[in-house]
There are 2 protein chains.
Amino acid sequence: MPRTVDHAQRRATIAEALVRLAAREGLHAVTMRAVAAEAGVSLRLVQYYFETKAALLHATLLHLEEASHARWRERLAGLSGPVPARRFVEALLAEALPTDERSRAFHLVWTSYAVLAMTEPDLAAQPFVAGPRRLEQQLTATLREAAGELAEDTDPAAEAARLLALTHGLGTSVLVGQRTAASAEAVLRYHVDRLFTHRDHA
Amino acid sequence: MPRTVDHAQRRATIAEALVRLAAREGLHAVTMRAVAAEAGVSLRLVQYYFETKAALLHATLLHLEEASHARWRERLAGLSGPVPARRFVEALLAEALPTDERSRAFHLVWTSYAVLAMTEPDLAAQPFVAGPRRLEQQLTATLREAAGELAEDTDPAAEAARLLALTHGLGTSVLVGQRTAASAEAVLRYHVDRLFTHRDHA
DNA sequence: TCCTTTGTGATACCGATGTATCATAACGGG
DNA sequence: CCCGTTATGATACATCGGTATCACAAAGGA
């Protein structure tokens, strides 16, 4: 095979070009030609590696999700031994706010795609429901096990829902420029402080 | 003038057709022709009342915002005398969740447009930043005045931000079908219960 | 009455976009 | 050595969408 570069790597290159482009100019500006230009390859190449535009978008989405999970696992790996629930939550949420450029791109594409999925049920089947739902269940379980660290009179399921919805809402307001990432982090800390028992809020 | 119907009314008719269409098939399906078909008028008519597509979208957005404010004022008008802060907050949030069809349409269009504004700063200048920001300030003031009704150790500004971000996040998760409107309302009640002093949580 | 303004229809135009086609290189195995 | 599979380029095609143009009707004032 006259493979100059690896197939999978090329696909990743193109997917990342798509993400850059979408983050900079919006998902509506993501055309096959524009992606090709951003990646510095020919239109035909994009067609070759992804037969259709839908396939390209789908693959990119998976790529994004995987990358996000990887960063999250990495963040958790930094914590040794039995992870306190609070650290776990903080690691999760740190990844879930659009603080740096990369994270901003991730959220922008994800949100754009989620909006599409709102009116196209076949899209919604995939990660937009399953992903967050699984996350919420996992978080609920974590909180339930760590009931001792929590403030009194808390319901783990409701707290998990609250954390995720709040984080997502804050993320959106950062994306539209209503508030800064730092201010969003402050609100999130405020929330987490109140979720965990008050006696040791650092 | 050979005006068969009122100009403003015709514009409203078209704007509402746009909202219906966008709520059903997504903002990407909103084309001049499709709006015309949905409204049951000719393409030329849409062009006549709104010179350009951008103008049509902008006008529709204002129409939506005005309608939402009207419903909110109406809800508040039902409360007589000095409104308790809790009632005020509940009226506000009740309007801010996509419970009925109309509200769902509103949120879908608003969210779609907000996503566009994330990458087109000239759009963001308009209601997407100013509106929520004003709302948050108003809510902050309301909470500050009602400090007596609130739980101890609360920061009005942070609480306002939390309420709005949480509500928006919940609304989004309802739109993508992750959770039902009823479940979102339950989480919101849970939150409001904890925001206001515990002794009289009904 | 006629002419100007307002309202409505049919249709044309042009650019963009997803996809398809044709050609051709590069390389490895028989 | 040559043939087929993989990889890449140039370009064509059909459609769609925003906008523009031309024609015309209806009505009210001069």
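Leu43(A) has its CG atom 9 Å from the P atom of dG18(C), to the nearest Å. If you take CG of Leu57(B) and C1' of dT19(D), they are 15 Å apart, rounded to a whole angstrom. Per the geometry, CZ belonging to Arg11(A) stands 12 Å off P belonging to dA7(D), to the nearest Å. Atom pair Phe50(B):CZ and dT19(D):C1' shows a separation of 16 Å (rounding to whole Å applied). The CD-P distance, from Glu51(A) to dT6(D), rounds to 13 Å in whole Å.
With the end axes of the helix from dT1(C)-dA30(D) to dG30(C)-dC1(D) each set by five pairs, the angle from one to the other reads 30° at 10° resolution.
Put simply, the side chain of Lys53(A) gets close to the backbone of Val30(A): a donor and an acceptor are under 3.5 Å apart.
No side-chain heavy atom of Val89(A) sits under 4.5 Å from any side-chain heavy atom of Thr142(A). Residues Leu108(B) and Met118(A) form a side-chain contact, since some pair of their non-hydrogen atoms from C-beta on lies under 4.5 Å apart. Taking the side chain as every heavy atom from C-beta outward, Glu149(B) and Leu143(B) never approach each other to under 4.5 Å.
OP1 or OP2 of dT8(D) lies within a sub-4.0 Å distance of a side-chain N or O belonging to Tyr49(A). Regarding contacts with the backbone of dT8(D), every side-chain N or O of Tyr48(A) stays at 4.0 angstrom or more from both OP1 and OP2. Between Arg10(B) and the phosphate of dT8(C), there is a side-chain N or O to OP1/OP2 separation shorter than 4.0 Å. For Thr52(A) and dT19(C), the shortest distance from a side-chain N or O to OP1 or OP2 is below 4.0 Å.
Contact check on Arg189(B) versus Glu90(B) returns no salt bridge, with no Lys/Arg side-chain nitrogen under 4.0 Å from an Asp/Glu carboxylate oxygen.
Cation-pi check for Arg194(B) over Phe196(B) is not met; the charged atom does not lie both under 6.0 angstrom from the ring centroid and within 45 degrees of its normal. The side-chain tip of Arg86(B) does not point at the ring of Phe88(B) from less than 6.0 angstrom away and within 45° of straight on.
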Run the side chain to side chain contact (heavy atoms under 4.5 Å, CB included) test on His191(B) and Arg162(A) for me, step by step, so that the C-alpha distance in whole Å, both residues' side-chain angles and the decisive distance to 0.1 Å come before the verdict. CA-CA 8 Å; His191(B) 183 86; Arg162(A) 211 149 67 120; 2.7 Å; yes

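Minimum interatomic distance between Pro132(B) and Leu164(B) (heavy atoms only, all atoms of both residues): O-CD1, 4.3 Å.
The side chain of Lys53(A) has dG18(C) as its nearest neighbour among dA7(D), dT19(D), dG18(C). When distances run from any side-chain atom of Arg44(B) to the nucleotides dG9(D), dC22(D), dT11(D), the shortest one goes to dC22(D).
If you check every strand for non-hydrogen atoms under 4.0 Å, Gln47(B) touches a base.
Within residues 21-42 of chain B, the residues approached by DNA chain C to less than 4.0 Å at the level of any non-hydrogen atom are Arg33(B), Ser42(B), in residue-number order.
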